[in-house]
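Each chain gets a letter, A, B and so on, in the order the sequences are listed, and its residues count up from 1. Values below: all heavy atoms of this structure, side chains included; hydrogens, waters and symmetry mates excluded.
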Amino acid sequence: MMEQRPTSNAEIAQFFSNIAELLDIKGEEWYRVRAYRRAAESIAHYPEEMIILRERGRLEEIPGVGKAIAGKIDELLRTGRMEFYQRLQSEIPDGVLSLLGLPGVGPRTVSLLYNELGLVSIPDVELAAHQHKLRDLKGLGAKSEERILQGIQMLHRISGRHLLATALPVAEEIVAALKDCQAAQGVTPAGSLRRCAPTVGDIDILASSARPQEVVDHFVSLPQVSEVSSHGDTKATVYLDSGLQVDLLVLEEAHYGSLLQHFTGSKDHNAALRGLARQQGLSLSEYGFQHEDGSVTSCATEEEVYGTLNLAWIPPELREARGELEAAREGSLPQLITAEDIKGDFHTHSVYSDGADTIEEMALAGMARGYSYIVITDHSQGLGVAGGLSADDFARQWAEISALNGRLAPFRILSGVELEIRTDGALDLPDDVLVQFDVVVASVHLGLSQDEDKMTGRFIVAMRNPHVDIIAHPTGRLLGQREGVAVDFQAVVEEAAGTGTMLEVNAQPNRLDLDGDLARKAIGAGVMLALGSDAHHAEGLGVMRFGIATARGGWAEPANVANTLSCEELMATLKSGKA
DNA sequence: GCCGTTTTCGGCCCGACTGTTTTCAGTCG
């Protein structure tokens with residue numbers, strides 16, 4: 001049987017990421033390790049497929065990929081294997097890499113655990129810790145052993161990351177509590193929360209103060225805190241009862257811009273920024289810029305930090321080391337879409353299917369948000385579990401929408417449907433019904449484990465139907481629960497561009513689908529995005545902020561997003577057929 | 001291992017906190 005060859009950029013990147021960690025555990029020189037890490041990151045987010053670049057001999061155009069790594073990519077694509085990687089694997093079993101996931105355990109400690117005790121998995125380490133075998137290792141002691149054990153128990157309790165929407169209210173509560181401390185000024189969430197990442201590993205909060213120690217002391221003694229992990233003069237890390245980790249950093253006000261920039265990250269963005277500073281003979285840290293003569297210039301605002309490096313200020317959502325530094329230098333950063341640009345919501349449910357509120361309640365909520373329209377998109381009949389509607393049901397709904405529009409004008413309720421793309425690829429309602437909707441949103445909820453060809457085919461059939469305006473939550477991922485469906489996204493994007501079909505950025509906190517990277521790909525191909533709250537009750541319209549944040553992460557400008565159109569413009573666009 | 005409008009060799013990102021230390025390495029963000 002043919003061995004499955006890694007071909008996607010993500011799969012190829014994984015090899016180099018593993019190599020970096022294996023070399024790190026082996027004690028290889030840090031810069032070489034970093035080179036592999038950077039290459040992996042670069043490959044994972046490169047807009048073109050490695051397989052194409054290889055054919056054209058253009059692999060070395062990728063930043064961070066030189067002769068040696070290009071050769072390894074070539075070998076991998078040609079033979080499906082990589083000699084160098086296999087040699088490393090023979091020295092260190094794959095499972096050992098998982099030990100790096102333990103809090104407080106880095107490459108040096110992993111090396112000890114493996115080489116001295118032969119531990120190759122987290123359960124191995126747990127057992128050894130219980131048997132007090134770890135405390136005798138050189139450089140470790142009873143405290144380290146206890147800490148590792150606690151880390152393992154923490155991993156058992158919480159699996160991984162927290163949704164942005166979960167962490168945000170917690171962060172706001174802590175910020176409010178910190179403001180009670182008189183010494184604290186300028187308290188604000190930073191980190192992945194400020195960058196509006198879909199999920200956050202921890203909550204970062206920063207403050208400025210003339211008396212940092214007081215603020216840190218106040219922080220670690222908050223009632224929400226269940227455990228203090230570290231507690232210094234300017235920095236502390238705690239765990240809450242919920243298992244969430246919260247970091248606080250406090251500096252004087254003069255450093256505030258430097259601090260905010262530093263603590264917002266991302267790590268990669270900051271590393272790249274420090275690299276730029278180096279080129280100018282400067283050393284950048286949370287305190288400011290250190291010049292070659294040792295003097296330090298601190299920045300009170302982020303604009304000063306970026307300005308010092310001849311860069312425009314960069315919106316936090318873009319700080320992922322994905323080309324934003326180059327754009328900031330050239331003055332070509334996007335004018336990102338904002339909440340004020342949003343004139344309507346493309347994806348909402350009512351009591352007609354599985355929503356909790358009436359169409360009128362949904363409309364009133366939309367009006368309260370300052371929208372000029374919402375699209376009601378109840379499920380079609382094929383999705384029985386969600387109370388999907390038949391053509392007759394929709395006819396009743398249209399009558400109600402029409403009456404409401406008479407009363408609520410100039411606000412408009414648009415008649416829509418979340419049309420099931422059935423497992424056999426057929427659409428769930430006939431064309432003579434579809435043509436009567438203002439907006440048709442098509443999506444898949446069934447047969448999600450179909451193979452890539454079948455799934456891609458279902459999307460393409462839907463997009464080729466002249467009445468389908470939008471594909472909703474295109475990958476079907478559920479954060480922390482389910483990977484997206486197997487689909488050839490490149491083919492989907494091309495078909496969307498070719499047929500003038502929009503792709504949704506679904507704003508549900510556990511979907512955020514498309515994500516920022518894919519949204520950016522879609523925009524790059526000329527696809528229009530449609531933001532939908534997918535609200536199932538009136539309050540649910542509020543999640544739109546997460547959709548906007550995600551679109552911003554995809555570098556979306558107002559012109560890339562259909563929600564910025566007025567109702568008239570939208571109807572004119574839809575009536576003129578698909579592009 | 002990568003990279004170059006100072007460099008094809010010699011650089012390459014910074015600092016706080018902790019633990020096991022007796023001057024520092026490891027980890028983390």
Which nucleotide sits closest to the side chain of [X]: [options]?
X       : options                   : answer
D202(A) : dG1(B), dG29(B), dG15(B)  : dG29(B)
R278(A) : dT18(B), dC14(B), dG15(B) : dC14(B)
S283(A) : dG29(B), dC14(B), dG15(B) : dC14(B)

Can you confirm whether the side chains of S295(A) and D293(A) place a donor and an acceptor under 3.5 Å from each other? yes
Would D513(A) and Q508(A) count as having a side-chain donor-acceptor pair, cut-off 3.5 Å? no
Residues which pass side chain to side chain contact (heavy atoms under 4.5 Å, CB included) with [X], listed by chain and number, not counting sequence neighbours:
X       : value
S121(A) : P123(A), D124(A)
F84(A)  : I19(A), L23(A), R32(A), Y36(A), K72(A), R87(A), L88(A)
A39(A)  : V65(A), I69(A)
P93(A)  : V96(A), Y114(A), V120(A)

[M] and [N], which share atom name [atom1], separated by this distance in whole Å:
N       : M       : atom1 : value
dA16(B) : dG11(B) : C1'   : 26 Å
dT7(B)  : dG1(B)  : P     : 25 Å
dG15(B) : dT22(B) : C1'   : 23 Å
dT6(B)  : dG10(B) : C1'   : 13 Å
dC14(B) : dT21(B) : C1'   : 23 Å
dT23(B) : dT18(B) : C1'   : 15 Å

Quick one: label [X] by what it contacts on the DNA or RNA (base, sugar-phosphate, nothing), any heavy atom closer than 4.0 Å.
X       : result
L273(A) : nothing
N270(A) : nothing
L282(A) : nothing
Q245(A) : sugar-phosphate
T237(A) : nothing
V33(A)  : nothing

For Y287(A), give me all partners under ring-ring contact (aromatic ring centres under 6.0 Å, His included), at least two apart in sequence or on another chain. H255(A)
Quick tally for nucleotides 2-10 of chain B: nucleotides whose base has a protein heavy atom under 4.0 Å get B, sugar-phosphate-only ones S, the rest -, giving SS-------
For each nucleotide in nucleotides 20-25 of chain B, reading 5' to 3', give B when a protein heavy atom comes within less than 4.0 Å of its base, S when such contact involves only the sugar-phosphate, and - otherwise. S-----
Rounded to whole Å, how long is the line connecting atom [atom1] of [X] with atom [atom2] of [N]?
X       : N       : atom1 : atom2 : answer
I25(A)  : dT27(B) : CD1   : P     : 10 Å
L309(A) : dC14(B) : CG    : C1'   : 14 Å
F289(A) : dG15(B) : CZ    : P     : 13 Å
H269(A) : dC14(B) : NE2   : P     : 16 Å
L112(A) : dG26(B) : CG    : P     : 9 Å
I148(A) : dT27(B) : CD1   : P     : 9 Å
K72(A)  : dG1(B)  : NZ    : C1'   : 8 Å
L149(A) : dG19(B) : CG    : C1'   : 17 Å

Should [X] be listed as having a side-chain N or O under 4.0 Å from OP1 or OP2 of [N]?
X       : N       : answer
Y31(A)  : dG1(B)  : no
T109(A) : dG26(B) : no
R274(A) : dC14(B) : no

Non-neighbouring partners of R135(A) that pass side chain to side chain donor-acceptor pair (under 3.5 Å), sequence neighbours left out: H132(A), E145(A)
Decide yes or no for L149(A) and E126(A): does some side-chain heavy atom of the first lie under 4.5 Å from some side-chain heavy atom of the second? yes
Quick note, side-chain hydrogen bond (donor to acceptor under 3.5 Å, both in side chains) partners involving residues 313-327 of chain A, not counting sequence neighbours, are H45(A)-R322(A), R195(A)-E320(A), H269(A)-E324(A), E302(A)-W313(A), E302(A)-R319(A), Y306(A)-R319(A), E317(A)-R552(A), R322(A)-D517(A)
Could you say whether S285(A) or H262(A) is positioned toward the 5' end of DNA chain B, judged by the nucleotide with the nearest heavy atom to each? S285(A)
Hey, which of these two, Y287(A) or F263(A), hits DNA chain B nearer its 5' end, going by closest nucleotide? Y287(A)
Please determine whether the number of non-hydrogen atoms from other residues, nucleotides or ligands lying under 6.0 Å from atom CD of Q213(A) exceeds 12. yes
Pair M82(A), F16(A) - check side chain to side chain contact (heavy atoms under 4.5 Å, CB included), show working. CA-CA 10 Å; M82(A) 195 193 297; F16(A) 292 107; 3.8 Å; yes
Should dC12(B) form a Watson-Crick or G-U wobble pair with both distances under 3.5 Å, which nucleotide is its partner? dG1(B)
